[in-house]
Amino acid sequence: MIEVSDHTLTEQGLDARGSDPARVLVLACGALAREILALFKINKWDHMDLTCLPAKWHMTPDLITDGVEDVVRKHRGDYDQIFVAYADCGTGGLLEAKCAELGVEMIAGPHCYSFFEGNDVFAATAEDEITAFYLTDFLVSVFDSFFWKPMGLDRHPELLEMYFGNYEKVVYQAQTENAELTAKARDCAARMGLRFERRFTGYGDLQTALAGIPAAR
Amino acid sequence: MSDQEDDIILSELSDEELVPQIHDDLYDGLKEEIEESVNILLGRGWMPYDVLTKALVEGMRIVGIDFRDGILFVPEVLLAANAMKGGMAILKPLLAETGAPRLGNMVIGTVKGDIHDIGKNLVTMMMEGAGFEVKDLGINNPVENYLDELENGDYDILGMSALLTTTMPYMKVVIDTMVEKGMRDDYTVLVGGAPLNEEFGKAIGADAYCRDAAVAVETAKEFMAKKHNQMNA
């Protein structure tokens, strides 16, 4: 399996391998790289290749749509098919419109928290959970470099209330069984002053969406 | 910005020195210094409106420019806003007493299902700084909250905020209800929030999408000027 650091996935993303026999390129957020590579391995999806945009664009979703378009245009001649492993992810419908224009499929739903939990389940419970702050395996592992430091909380703890004052709990959506990550997630919640809840989701609708991609045209 | 903060005795600075020092202290998010400086200027006979506009608003304008240009980031803007909030708390009661110019009245709130309020709070503060009276409804507002407030007050502008793709469509629910009740044209509706864009604002029938607090202030001023021109025509 490809070894790539959290830092690289956050800041730069991941380049496609571009090697045979991959005929499908999955274009994803760097925050999903480990899960998608795990799914490739578990399911022996050797026909799929992965490229990722920087995970830190989670914080600047206005960059995502143009970034996806650039990669699709760059690689569309190299693969039979490109699948965009993003949900709307804060693009306000612009990514969906762009994917339709480019003729590529994407994952349904508002964001990864929703498709990890299952879009139907998430939609049914969303109204009761508006005060939940979600973390995934990746977000737990990069919590300090992804949230804490860029938000200035390492230097200015007095900002905690301004950022998280309206939240009540952290929901850790676990993709894997990992005691170390669970302990870290619990610590994240304590630092944020929020209750902690762990919910094992596995890969949710991400797995379903990737499994739905035909092997070849 | 300034490394010699401890050496500066604010009360010993002249007005000409103190105002730029306030801009620096706002930039550095120094709330206590801002509060002290505001009290010094008031003690020297400055009108509250002048303290607000020449010292605080001008300082935040500089912060806003550097945020837009990627020199400052969200934490620094929040610290600056927190410092300005300290100054505003001193000035607000005095502004009403001294008959400061009032540009218009606004209701603002985050829509139902959404608890994010950082952007909304920045807009509220900047609008107040620009001379608007703002009623902040807080977070997670159903349509009734907006409409009740509009119907029971003398407002010119409705501002709605959302950070989530899932909650931003609720703005259309509010606007459609205003249309149904025949009250849509009585107000300027401004919308904002990270996943929104200009097309979305147009599609839901808002008057304008505002990408940040500074744009919200300028847009509100433009609409108020148009309104006054129409009334005087």
Side-chain angles (χ1 to χ4, degrees), chain A residues 56-66 86-98 108-115 119 122-134 147-169 194, chain B residues 28-32 70 72-86 109-122 125 138-142 161-172 191-204 209 211-212:
Chain A
K56 68 178 180 182
W57 287 4
H58 173 87
M59 300 292 205
T60 50
D62 51 316
L63 298 175
I64 293 172
T65 303
D66 287 348
Y86 272 93
D88 180 78
C89 296
T91 64
L94 294 181
L95 181 59
E96 186 181 5
K98 182 56 70 180
H111 38 61
C112 63
Y113 314 126
S114 174
F115 66 66
N119 283 325
F122 192 89
T125 56
E127 205 165 318
D128 299 325
E129 292 215 317
I130 64 170
T131 56
F133 186 89
Y134 294 96
F147 293 114
W148 207 253
K149 286 179 187 167
M151 288 174 135
L153 289 165
D154 54 331
R155 307 178 301 281
H156 303 289
E158 69 271 25
L159 293 177
L160 195 65
E161 176 66 21
M162 290 175 88
Y163 283 124
F164 300 118
N166 295 330
Y167 288 96
E168 292 179 326
K169 66 177 176 181
L194 302 175
Chain B
D28 293 339
L30 303 175
K31 186 178 182 184
E32 286 177 15
L72 288 181
F73 297 95
V74 171
E76 289 79 24
V77 174
L78 290 184
L79 289 167
N82 198 39
M84 177 155 174
K85 200 173 161 189
T110 304
V111 298
K112 185 180 173 184
D114 204 321
I115 61 165
H116 298 92
D117 62 359
I118 289 176
K120 170 187 70 64
N121 293 345
L122 282 173
M125 199 181 62
I139 57 173
N140 190 25
N141 284 288
S161 171
L163 189 81
L164 304 174
T165 299
T166 46
T167 56
M168 64 187 217
Y170 195 79
M171 293 174 173
K172 186 170 188 308
V191 295
L196 277 68
N197 52 58
E198 210 165 320
E199 292 75 25
F200 176 79
K202 279 182 194 157
I204 63 169
Y209 155 73
R211 73 179 152 76
D212 60 30

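Only this structure's heavy atoms are used, side chains among them; waters, hydrogens and symmetry mates stay out. Each chain gets a letter, A, B and so on, in the order the sequences are listed, and its residues count up from 1.
In terms of heavy-atom pairs under 4.5 angstrom with chain A, the leader among B:Thr167, B:Asn121, B:Asp117 is B:Asp117. Between chain B and the residues A:His156, A:Glu127, A:Glu158, the most heavy-atom pairs under 4.5 angstrom are made by A:His156. Ranked by heavy-atom pairs shorter than 4.5 Å toward chain A, the options B:Leu196, B:Asn197, B:Asp114, B:Thr165 are led by B:Thr165.
Heavy atoms closer than 4.5 Å to chain B are found nowhere in A:Glu129, neither backbone nor side chain. The contact between B:Asn140 and chain A is made entirely by side chain atoms (from C-beta outward), counting heavy-atom distances below 4.5 Å. Using a 4.5 Å cut-off between heavy atoms, A:Met162 touches chain B through backbone and side chain atoms alike. Only the backbone of A:Thr91 comes within less than 4.5 Å of a heavy atom in chain B; its side chain stays farther off. Heavy atoms closer than 4.5 Å to chain A are found nowhere in B:Leu163, neither backbone nor side chain. Both the backbone and the side chain of B:Ile115 come within contact range of chain A, judged by heavy atoms closer than 4.5 Å. Only the side chain of A:Leu94 has a heavy atom closer than 4.5 Å to any heavy atom of chain B.
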Legend entry - Worked check of side-chain contact (heavy atoms from CB on, under 4.5 Å) between A:Phe164 and A:Leu159: CA-CA 9 Å; A:Phe164 300 118; A:Leu159 293 177; over 6 Å; no
Inset, instruction - Could you walk me through whether B:His116 and A:Tyr163 pass the side-chain hydrogen bond (donor to acceptor under 3.5 Å, both in side chains) test, one step at a time? - result: CA-CA 9 Å; B:His116 298 92; A:Tyr163 283 124; over 6 Å; no
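B:Leu164 has its side chain out of reach of A:Pro110: every pair of non-hydrogen atoms, C-beta onward, lies at least 4.5 Å apart. Residues A:Lys169 and A:Tyr134 are not in side-chain contact: their nearest non-hydrogen atoms beyond the backbone lie 4.5 Å or more apart. Residues A:Phe133 and A:Phe147 are in side-chain contact: their nearest non-hydrogen atoms beyond the backbone lie under 4.5 Å apart.
A:His58 has its ring centre no less than 6.0 Å from the ring centre of A:Tyr86.
By the 4.0 Å N-to-carboxylate-O rule, B:Arg211 lies too far from B:Glu198 to be salt-bridged with it.
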